[in-house]
*Asks:* 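Got a structure here, written out as structure tokens. Questions coming.
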Amino acid sequence: MVGYIERALHLRLAVTTKAAQHSITLSTAGKKDTAGEGYTINVSKDGIRIEGASDAGLFYGVQTLRKALPVLQSAAKGVEVPAGEVADAPRFAYRGAHLDVSRHFVTLDSVKRFIDMLALHNINRFHWHLTDDQGWRIEIKKYPKLTTVGAYRPETVIGHNTGKYDGKPHQGFYTQKEAREIVEYARERFITVIPEIDLPGHMQAALAAYPELGCTGGPYEVWKMWGVSDNVLCAGKDNVLKFIDDVLTEITKIFPSEYIHVGGDECPKTQWAKCPACQKRIADNNLQADGKHTAEERLQSYVINHAEKTLNALGRQMIGWDETLEGGLAPNATVMSWRGEAGGIEAARQHHSVIMTPNTYLYFDYYQTKDVANEPEAIGGYLPLERVYGYEPMPRELSPEEQKYIIGVQANLWSEYIPTYRQVEYMELPRMAALAEIQWAQPEKKDYKQFLKRLVRLIDHYDALGYNYARHIYEVNPKYIVDDVKHVIRAEMTTMDNAEIRYTLDGTEPTQQSPLYKGAVEISKDACSSPSMAGISSTAPWYW
Ligand code: ACM
Ligand code: ZN
């Protein structure tokens, strides 16, 4: 709290364990709520009291007070906090954010910065996607080549698999010691790190290091392009099952989280269909096609079931992407529903826990505006802030009993088109603020207009923290109305915070000296294709 206040107000408060007048009192003496993450804040003329249902609850109370403070440029002489009482608790116990560090590696400091950003948004799970076709990023002592070979990519395709390559090596991995440092850094902020070892697909970097783990024996290279590779772990070889056990055993020693993610998404079965070892496994275990699933889908299930048994024996629970439904779910699996919500709905009906991460609402690698020409290249899609905010994760088609299996919500950030950490922030912010409200707020309390007002204040904190956030909310929103009587087009322009708008009608860039927008502009003859507008926002300038 002292650090947060110092950053916002440039004041360093003294800390004492004795009762003091006019102080901010932090306490966990309050009653425990069911999730243990609730808190109350009481502000009166005598001081501020934050009471948490647990240490985590207290932490969220501190975050709320922190966000309620203004961000000042110099030391505060005094700040006013409105008197009142807040009682708050999260809607979902699992509030996640995912980061892919395989496609593009980010430094340890950047991972910590990411975790700080999660803390600001009351997010309590960091899903760390550590392995994929394009790079293996975590040290495994039994298989050193995973990082000496698998963490190195000689070059990367330019753009959307153009066939042209950049000629620049890309590499990086976290030692086990560094990963433990991240676990501890996150724990101090009440965030659990959930590692993902994506299997049996998305394994080409591992195959480059250990080609004997593939169906063909290779050789393989750490993949230099994007997409879904046909080169996957051979499901017929016992050394592959041992590899999975060894890797997961080391992973559980680094990461104390209850859940370990084993991927299971996008595993092409083309090589399994031709591989004698895979076909023998199918025959030996009677994994024949059964009308519902193909033999190869059941083989995938066999591998995932094996991983789950290993994890359960180590005292852990397994999460898999929704493809793990395809050959039949492993008995205790939690499902992360990414291809829309259908997989999550199906898993909840089968009484498996579900985390909703539908790409249609929560894939933050998608564009956040239609004006893609002025954006850094992204994977595609269109996911503006308002759409994220509007997401309701509890499917209406589930019964109240089945709804209990929806334990949480998460947004994912795949990094094929995100080469720098600054761009990670740009893609996350401010959409993460909308995510945070889906995860935390009760649906009847949600109100997009109110959210935008609060967001303007939150963005002051983004500025103070030096975050690189997208500014689309400051754009001018045009509405064109054709007036058949006067034979004009009326252009109405609004901004989110009623910022000053200046415009031109000749296609040139508006400046501070251009005419001020005072109401609908009537266009009666050829102007440029649309009037150019510049919104001069109260918070940050943004030109349209
Ligand atoms: C995924 O987006 N392949 C889980
Ligand atoms: Zn095979």
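Nothing here was measured: the structure is a model prediction, and the numbers come from that model. Counting starts at 1 for both ligands and their atoms, in listed order.
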*Asks:* As a test of reading the model: which residues have a non-hydrogen atom less than 4.0 Å away from ligand 1?
*Replies:* Asp265, Glu266, Trp321, Trp338, Tyr363, Trp414
*Asks:* Looking only at atom types and distance, does a side-chain atom of Asn231 sit under 3.5 Å from a main-chain N or O of Gln204, one as donor and one as acceptor?
*Replies:*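 Answer holds: no.
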*Asks:* Kindly say whether the aromatic ring centers of Trp321 and His261 come within a distance under 6.0 Å.
*Replies:*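 So the answer is yes for these two rings.
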*Asks:* Among Arg454, His121, Lys445, exactly one meets side chain to side chain donor-acceptor pair (under 3.5 Å) together with Glu437. Which residue is that?
*Replies:* Arg454
*Asks:* Is it the case that Asp365 and Tyr417 place a side-chain donor and acceptor less than 3.5 Å from each other?
*Replies:*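 Short answer, no.
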*Asks:* Knowing that exactly one of Arg471, Glu375, Gln368 qualifies, which makes a side chain to side chain donor-acceptor pair (under 3.5 Å) with Tyr426?
*Replies:* Glu375
*Asks:* Report the angle formed at the Zn ion (ligand 2) by atom SG of Cys275 and atom SG of Cys215, rounding to the nearest 10°.
*Replies:* 110°
*Asks:* For the residue pair Phe92 and Trp440, is the inter-centroid distance of their aromatic rings smaller than 6.0 Å?
*Replies:*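 No - the distance between ring centres of Phe92 and Trp440 does not fall below the 6.0 Å cut-off.
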